[in-house]
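Data first, discussion second: the structure below is written as structure tokens.
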Protein chains: 2
Amino acid sequence: MSASLTIPDEFLDLMAEKFRMLGDTTRLAILRSLMAGERNVTQVVAETGRGQANVSKHLKLLAEAGLLTRRKEGLQVFYQLSDPVVERLCRLVCETIVESAASEVKRNQSLLVGWSRKP
Amino acid sequence: MSASLTIPDEFLDLMAEKFRMLGDTTRLAILRSLMAGERNVTQVVAETGRGQANVSKHLKLLAEAGLLTRRKEGLQVFYQLSDPVVERLCRLVCETIVESAASEVKRNQSLLVGWSRKP
DNA sequence: CACAAAAATAACTGATCCGGCATATGGTTG
DNA sequence: CAACCATATGCCGGATCAGTTATTTTTGTG
């Protein structure tokens with residue numbers, strides 16, 4: 001019973017930009033790291049296993065896109081998730097991956113059943 | 001009260017691919033057109049105002065990513081949304097855009113109030 | 001002041017991607 | 001078969017982007 005969604009033209013670019021931010025493996029790894037809480041750059045680098053310069057650039061992109069906030073404290077800079085929609089979007093997509101994997105298993109099971117029934 | 005989301009490493013690429021599909025203005029326009037129901041290529045071309053070859057290529061990408069299904073009927077090929085998560089993702093992002101615009105208005109209003117109060 | 005640590009930036013390379021043009025494919029009709 | 005229609009594909013130029021390396025900026029410390 002959900003009303004059909006009609007997206008205004010002016011939204012397309014903004015939406016695409018937000019989705020594009022999530023459309024990169026390294027950035028997703030960074031966001032996942034920040035979903036556990038605030039982190040400084042070194043911590044994110046360690047948790048993602050990516051290069052420091054690379055992480056720094058992606059953090060800047062994400063902050064400019066409004067997904068992160070920056071907090072400076074002495075030598076370190078801490079980043080934090082600022083857009084609650086990120087986690088919800090990731091959750092949704094995660095679920096669909098799990099579901100598609102599940103239906104894949106199901107399909108294979110029925111194949112297996114069919115195979116075992118007529119040998 | 002939502003459990004914290006921990007994304008497995010093997011999911012990152014799949015998630016990124018799905019988000020990347022949504023991270024393009026033309027593809028979003030195509031998806032919006034298909035949210036109203038099944039369409040053939042010519043209809044999508046007309047509704048999006050993009051070139052035919054371009055639309056055809058994006059439709060192929062979206063279908064390969066599992067977001068669309070293809071149905072051939074005579075000369076025409078009809079495409080249809082096959083992944084219900086697309087609409088939910090778009091809805092979520094749309095809402096955040098509206099909200100951020102609303103808070104922008106609010107911010108400007110308070111600026112305006114402050115300005116009108118001390119002339 | 002000299003030095004070290006954390007983060008950002010510049011410059012470069014290679015890959016990817018979008019869009020347009022032209023052309024090919026496949027199916028329909030006369 | 002020829003002409004035509006809807007769609008797909010190959011090729012190209014330009015733009016964007018990710019990752020690495022090296023360097024710089026900023027801040028704290030002895």
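Below, read A as the first sequence line, B as the second, and so on, with proteins coming before strands; counting in each chain starts at 1. On a predicted model such as this, the values are computed, not experimentally measured, just so you know.
Contacts with DNA chain C (heavy atom under 4.0 Å) in residues 41-49 of chain A: Val41(A), Thr42(A), listed by number. Within residues 64-72 of chain A, the residues that have a heavy atom under 4.0 Å from DNA chain C are, in order of number, Arg70(A). Only at 4.0 angstrom or more do the heavy atoms of residues 9-34 of chain B sit from any atom of DNA chain D, so none qualifies.
For the atom pair CD (Glu104(B)) and CD (Glu99(B)), the distance works out to 14.0 Å, reported to the nearest 0.5 Å. Separation of atoms OG (Ser56(B)) and OH (Tyr79(B)) is listed at 5.5 Å; rounding is to 0.5 Å. Rounding to the nearest 0.5 Å gives a distance of 10.0 Å between CG of Asp13(B) and CD of Glu10(B). Separation of atoms CZ (Arg27(B)) and CG (Asn54(B)) is listed at 9.5 Å; rounding is to 0.5 Å. Between the CD1 atom of Ile7(A) and the CZ atom of Arg91(B) there is a distance of 9.5 Å, given to the nearest 0.5 Å. Atom OG of Ser100(B) is separated from atom CG of Asp83(A) by 8.5 Å, given to the nearest 0.5 angstrom.
Heavy atoms of Lys57(B) sit under 4.0 angstrom from at least one base atom. Nucleic acid contact for Phe78(A): none, since no nucleic acid atom lies under 4.0 Å from a heavy atom of the residue.
Looking at heavy atoms from C-beta onward, Cys94(B) lies in side-chain contact with Met15(A) at the 4.5 angstrom threshold. Here the side chains of Leu31(B) and Leu68(B) are in contact, with some heavy-atom distance below 4.5 Å. Side-chain contact check for Leu67(B) versus Lys18(B): some heavy-atom pair is nearer than 4.5 Å. Here the side chains of Arg20(A) and Asp24(B) are not in contact, with every heavy-atom distance at 4.5 Å or above. Annotation: side chain of Leu28(B) is not in contact with side chain of His58(B) (no heavy-atom distance under 4.5 Å). The shortest distance between side-chain heavy atoms of Thr69(B) and Leu81(B) does not fall below 4.5 Å. The shortest distance between side-chain heavy atoms of Val86(B) and Met35(B) falls below 4.5 Å.
The rotation axes computed at either terminus of the helix from dC1(C)-dG30(D) to dG30(C)-dC1(D) lie 10° apart, taking five pairs at each end and rounding to 10 degrees.
Residue Asn40(A) is tested with Lys72(A), Gln76(A), Arg71(A) for a side chain to side chain contact (heavy atoms under 4.5 Å, CB included); the sole match is Gln76(A).
Hydrophobic clustering keeps Phe78(B) apart from Leu62(B) (ILVMFWY residues linked when any side-chain heavy atoms are closer than 4.5 Å, directly or through intermediates). If you chain together hydrophobic residues whose side chains sit under 4.5 Å apart, Leu92(B) and Leu5(B) fall into the same group.
Between the side chain of Thr48(B) and the backbone N or O of Thr26(B) there is no donor-acceptor pair closer than 3.5 Å.
Of all nucleotides in DNA chain C having an atom under 4.0 Å from a heavy atom of chain A, the first and last in 5' to 3' order are dA5(C) to dA11(C). Taking every nucleotide of DNA chain D with any atom under 4.0 Å from a non-hydrogen atom of chain B, the first and last of them, 5' to 3', are dC5(D) to dC11(D).
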Would Asp9(B) and Arg32(A) satisfy salt bridge (charged side-chain N to carboxylate O under 4.0 Å, His left out), going step by step from the backbone distance to the final call? CA-CA 10 Å; Asp9(B) 279 341; Arg32(A) 174 180 64 177; 2.7 Å; yes
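Across the interface with DNA chain D, nearest-nucleotide mapping of Gly51(A) and Leu75(A) shows Gly51(A) to be the residue nearer the 5′ end. For the pair Ala53(A) and Leu61(A), both in contact range of DNA chain D, the more 5′-proximal nearest nucleotide belongs to Leu61(A).
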